[in-house]
Amino acid sequence: MSTAKVDLQRLSRVANWVIPALAVACFLGGRFVSFWFHFGTVTFLFLTLMNLSYRFVQTRHAILRNFGVLGQVRYMLESLGPELRQYFFSSDTEERPFTRTERAEVYRKAKGIDAAVSFGTQLDYGPDEIKLRHSMFPTPKGNVEPFRLTFGDERGLPTAYTITKPILISAMSFGALGEPAVRALARGAGLAGIPMNTGEGGWPKHQLEEPCDLIFQMGTAKFGVRDEQGLLSDEKLRALASEPRVKMIEIKLSQGAKPGKGGLLPKEKITREISELRGVPMGRDVVSPPYHEECRDMPSTVEFIRRVQEVSGLPTGIKLCVGSFEELGALFAEMAARDVFPDFIAIDGGEGGTGAAPKPYIDSFGLPLLPALVGVHRILVDMGLRQRTKLLAAGKLIGAAKWAMGMCLGADAIYSARGFMLSLGCIQALQCGNNTCPVGIATHDRTLQHGLVVADKAVRVKNYIEGCTHDFESLLSSLGVRSARELGPRHLYVPPQSIVAGEVAS
Amino acid sequence: MTSVQTPKSDASRRSPLVTTALWICQLGAAGILFFAGQGKLAGDAHAISMFSDLGMEPAGRIAIGALECGAAILLLIRQSAVYGALLGLGVMCGAIIGHLTVLGLGGLPFALLVAALCVGVLYIRRRDAPFLRNLIDR
């Protein structure tokens, strides 16, 4: 005797006959019993037509051609899949890019809730995880020095800029984020006293209306400071740099989400506001080239950095995702030969990115942050140039322990974008590129932005920064150091099979 | 700006002629449906006699009246016009059955007209709703 099972194929064959039969039955019921049956007649008539259309008219979907309306059930259930997995079935440590455990920690920090957890870690604590090494003799709390890092001091700039917390808000443009999200971030950064990167959104109108320091990012299309040909306009850069709250300039050479690739701003997205802020004409697609037109080789790249430094008069850094250490070594050699150094170098891990990019780029391009950071730090040390610039690290460093790990491996301070999106209430719905962000962050849809109350979320951003900074100071104490500058590879346990193990050991 | 892809709306691809036809269909269907629906809800003598013949007085009259008014409202809102047209078409199918089987052919032309207008809306907006798109994608 065979066991009972659901034969979906047979079920759909039966359904193909039952639906029209029900339509006929309802019609007869409506004719001879009660007119109410005709509600059924019309419904089953529609379902019959739908079924016929699925099976014989449309050609795109094999399931619908073979199984008709019952096949549609599959698509409906599948469309609910991501939500069901997130709500019910994914474990707390398996979602990507951030696990529920990681996200929950940011939410707790942002809401100012006590973040102690009990009964052990949710992580494997396995042999391939990097860990911090505490000291037997922690530094007394009062002896940990407040964090201070000054950009532009090597060049003796009068505009040198000092940060007092180890974290900066990384590049997210107005455009990628909607206005309330940009404002909430800027206000929160202002409240906590950290600077915010403007991203490639052009003239930072909304950020300038909030009380925070800004790092202006200049992408390859130079939105906000471009001339008609899309090249750098000295005049516009000077005007921008004269804004008192613009403290630093960042030249974006590449970004973690899509290193080596440009972008296209389609004309449909160029509203009047975007056109004005970015300095691009309406009604025409605008191409972001994969690299700066002015930077055709190493010498021209270094000269471009010099030009931006001189025109802006501000600390000026570069941001890049590392591809080849040989190329970087050559770039640093050129910098040394011309005695021109960026005031900071932001290393973006290939895992990074709020930016939308084709899947091959998101998944497979660019060195991960840790080996990139270790490598750049090592090249600079080997060339005797490490003290000429500051290193910033970006790539999923969303908590104090991760900050400390980055700093042990060579970073002077930490950049984060997605950590701040989480603090704004991002639920990792992965809708950033669709204008349908359900929490109103990465969208321009007013009805969705309604959910994001700037005054409330600004406080969360501030809480997140202050909570993590507090943790960071506590970690420094446990590591037995007095300041972040003392952190080094000796404070890390790096498993032998880790990709950075060799670099750290050597 | 590398994110935020707004899908090209169908509206931008429609010729002015088609847009005009669409609005004629939507407004025509909505107007007739609303007129008929509010008559039923208000207890029009003609409606009462009709639904008495069908054996659905008063619940059926009120239900159908409400459905007709609902369809009319949905038809007037861009985002929900397809659903309004679908609902309107469903109610009209019922009306056609009623006229063919019980009520006589008197009111049939009106029902057929509204049904045709609803089909027009569904046809022109066939790419607006996923369920319609899936029906005909080739």
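Every chain is numbered from 1, with letters handed out A, B, ... down the list of sequences.
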**Q** Does a side-chain N-to-carboxylate-O contact under 4.0 Å join A:R65 and B:D137?
**A** no
**Q** Given the side-chain rings of A:F174 and A:H444, with only the six-membered ring counted for Trp, is the space between their centroids under 6.0 Å?
**A** yes
**Q** Look at the side chain of B:R126 and the backbone N and O of B:Y123, then say whether any donor-acceptor pair between them is shorter than 3.5 Å.
**A** yes
**Q** For A:Q72, is it the side chain, the backbone, both or neither that has a heavy atom under 4.5 Å from a heavy atom of chain B?
**A** side chain
**Q** Would you confirm whether the ring centroid of A:H61 sits within less than 6.0 angstrom of the ring centroid of A:Y75?
**A** yes
**Q** Counting a contact as any heavy-atom pair under 4.5 Å apart, which residues of residues 92-100 of chain B contact chain A?
**A** B:C93, B:G94, B:I97, B:G98
**Q** Give the table of side-chain donor-acceptor pairs shorter than 3.5 Å for residues 32-39 of chain A, with sequence neighbours excluded, one pair per line with atom names and distance.
**A**
residue	atom	partner	partner atom	Å
A:S34	OG	A:W36	N	3.0
A:H38	ND1	A:T41	OG1	3.1

**Q** Side chains of A:T447 and A:D445: any donor to acceptor distance under 3.5 Å?
**A** yes
**Q** Could you look at A:R31 and say if it's the side chain, the backbone, both or neither that has a heavy atom under 4.5 Å from chain B?
**A** side chain
**Q** If only atom types and distance count, is the side chain of A:Q449 paired as donor or acceptor with the main-chain N or O of A:T443 below 3.5 Å?
**A** yes
